[in-house]
Undergrad: 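Have a look at this one before I ask anything.
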There are 2 protein chains.
Amino acid sequence: MKRPTMKDVAQAAGVSLMTVSRVIAGEAGVSPDTAARVEQAVRKLGYQRNDNARNLRQKRLGTSTVGLVVDDLANPFYALMVRSIEDEAHRRGYVVLVGSTNDEPRREREVIAAFTARQVDGLIIVPTIGGHQFLKPPMEAGTQVVCVDRPARDLDVDTVTVDNRDGARGAVTHLLDHGHTRIAYLGDRYEIWTQSERYAGYLDALTAHGLAVDPDLVRHGLRSHGDAQGALAALRALPDPPTALFSSNDVITLGVLDGLEHPTPISIVGFDDLPLAKQLDPPLTVVSQDPVAVGSTAANLLFSRIDGDRSAPRKVVLLTRFIARRSGARPVQRVSD
Amino acid sequence: MKRPTMKDVAQAAGVSLMTVSRVIAGEAGVSPDTAARVEQAVRKLGYQRNDNARNLRQKRLGTSTVGLVVDDLANPFYALMVRSIEDEAHRRGYVVLVGSTNDEPRREREVIAAFTARQVDGLIIVPTIGGHQFLKPPMEAGTQVVCVDRPARDLDVDTVTVDNRDGARGAVTHLLDHGHTRIAYLGDRYEIWTQSERYAGYLDALTAHGLAVDPDLVRHGLRSHGDAQGALAALRALPDPPTALFSSNDVITLGVLDGLEHPTPISIVGFDDLPLAKQLDPPLTVVSQDPVAVGSTAANLLFSRIDGDRSAPRKVVLLTRFIARRSGARPVQRVSD
DNA sequence: ATGAAAGCGCTAACAC
DNA sequence: GTGTTAGCGCTTTCAT
């Protein structure tokens, strides 16, 4: 009923506990037939080493566990990232603890505290807006940290991001190049780093074309599908509605698309690619990021830190890819009438 | 540089280690001002309890860690499920270890072994085709196990599945009701339980309508987007091509849609809903499952086991939802001329 | 209210 | 080759 220990195995094999330890650890210096007897006892008892106990004693190696903390595990972008990080971890014999923060600093702290209490060797986090000073003690104690998707303002650690600003600028420029001048911006909370960057890119593009921003066309703080639909409806009800819009993330794009009749009466470019984007009418033009590359880059950074790299923190910025399909290239037309 | 221990805190606070332990654990019987001194030392040193060491000694409670093993963390269905399980776990103060099996029994074993070696209290797994006898020892030692998405053939444990057969039958019946008689089946490996169930549902529907299966129209083993496109092309090249098709999972549906011109020349019903399904032309008719419900059901079962429920294993079967949009209802027409 | 000793399951450092 | 002792960081038990 209880979990067998090395002591039990030792007894069953008629050897000392230390001999069992050596066999289990695969160390040399055990005669082949004692080893065989031990292995037999192991099988008979269904023994498996308690790695927590092992790690307690053997501090040279870590726990071979890393923590991964993201906004929302269900978000396709993060899901892909998680998978690529888990692949890298598995390849190296590590396991990964995951947690969602929901963008709440409080939950982020709880999750990270639970992870560090379990002695993770490293942490890959998508930092919330909150502070991260609580990470100082574990970091001084040797826990490695890398940020992904966005930087933590009060943490100078390896960080992997995407050039959001450049990507957004490209998207909006595309719209401008197609003759649009009234281009709406629909984004999530401005406080989120990726969103303020993308908004900056929107501004960049307008400015480069000598256009001023019309505050009426800018909608921040869209947290959900429904929020996006609402914002779209309000935009279309404007006396001088936009002829095009830039959607700053996938859930907003989905909301917008859901609120529109077909064929789409307004030009759209979205940040983040979507599975069926190509099959839409018109096919959706997007700025796409590569979550797998982001994840594996972050994982490689983390593991090289865990392996002892103590060089200055690296800031890796990956580029986005602009995929021109057709939704941004439609002729200018008025939304209403 | 090193992680402070209770010993360090005790020294800094001028008390015994035991007193520190009591304060940290929030036990009664410590005078308010000694507690205050301890807490101050804790803050000063940035002390955090080592829960692995704690769990080693304190066997009454578990490790407050559960393992979650799925096919592929990047799959949207599993991603949603993971998130809902993580929410339930977080609510209860548990953390979750995750791993992808890639449907490889070997990797499944590696991942699960790594989890049990870390003394997880429970495991939620999407079992691969392989055997699971290796789970016997940890289960006897008290590790709780629940299966999700499909049963493990050699494990009698709580299992949460969806009525795949019924869902598929409904989908194919819908196609039959619209006059189709040549309906193709495109599925992943038949060995995967969900796939054989869905195929059975396909057969059920045909049989109920007095139709025989045409082996030419049945394609198993489609593992990827590309496989699905290939199968579709082969089907359309048939002398007597199908007028409709049932796609047995989301990646196949995506592949099929990607291989088709617009408007779609063939009727389609897919298993699994897709984000932009409604925006397609024609809107895609699907059988949808609720991954969040699947996940939370599994989590609740697991936690009640962890909390001591030793009743007979439960088999929960959730229903699918048929979402008739328009892709299945198109008039019968021949694929090629 | 506080502390000392023992021990959880294991490995490091020495014996033999 | 194999066994003994000590101790990782903590909690249990029993003193005081």
Undergrad: Indicate every side-chain donor-acceptor pair of residues 36-45 of chain B with a distance under 3.5 Å to a residue at least two apart or in another chain.
TA:
{"residue": "B/R37", "atom": "NH2", "partner": "B/A13", "partner atom": "O", "Å": "2.6"}

Undergrad: Can you build the contact string for nucleotides 8-15 of chain C? Use B for base contact, S for sugar-phosphate-only contact, and - for no protein heavy atom under 4.0 Å.
TA: BBBBBBB-

Undergrad: What's the CD-P distance between B/Q11 and D/dC10, to the nearest Å?
TA: 14 Å

Undergrad: Are the side chain of B/R223 and the backbone of B/D188 linked by a donor-acceptor contact shorter than 3.5 Å?
TA: no

Undergrad: When the distance from CZ of B/R37 to P of C/dA1 is rounded to whole Å, what number comes out?
TA: 15 Å

Undergrad: From A/I125 CD1 over to A/L302 CG, what is the distance, rounded to the nearest 0.5 angstrom?
TA: 11.0 Å

Undergrad: Report yes if a side-chain nitrogen or oxygen of A/S31 is closer than 4.0 Å to either non-bridging phosphate oxygen (OP1 or OP2) of D/dT2; otherwise report no.
TA: yes

Undergrad: Which residue is it: B/D51, B/L56, B/N50, B/T63? I am looking for the one with a side chain to side chain contact (heavy atoms under 4.5 Å, CB included) to A/N52.
TA: B/T63

Undergrad: Rounded to the Å, how far apart are B/D8 CG and D/dC8 P?
TA: 11 Å

Undergrad: Report yes if a side-chain nitrogen or oxygen of A/T34 is closer than 4.0 Å to either non-bridging phosphate oxygen (OP1 or OP2) of D/dT2; otherwise report no.
TA: yes

Undergrad: Which heavy atom of A/V157 sits nearest a heavy atom of A/K315, and at what distance?
TA: O-NZ, 2.8 Å

Undergrad: Side-chain donor-acceptor pair under 3.5 Å between A/R118 and B/T65, yes or no?
TA: yes

Undergrad: In whole angstrom, give the distance that lies between atom CD of A/Q119 and atom C1' of D/dC10.
TA: 11 Å

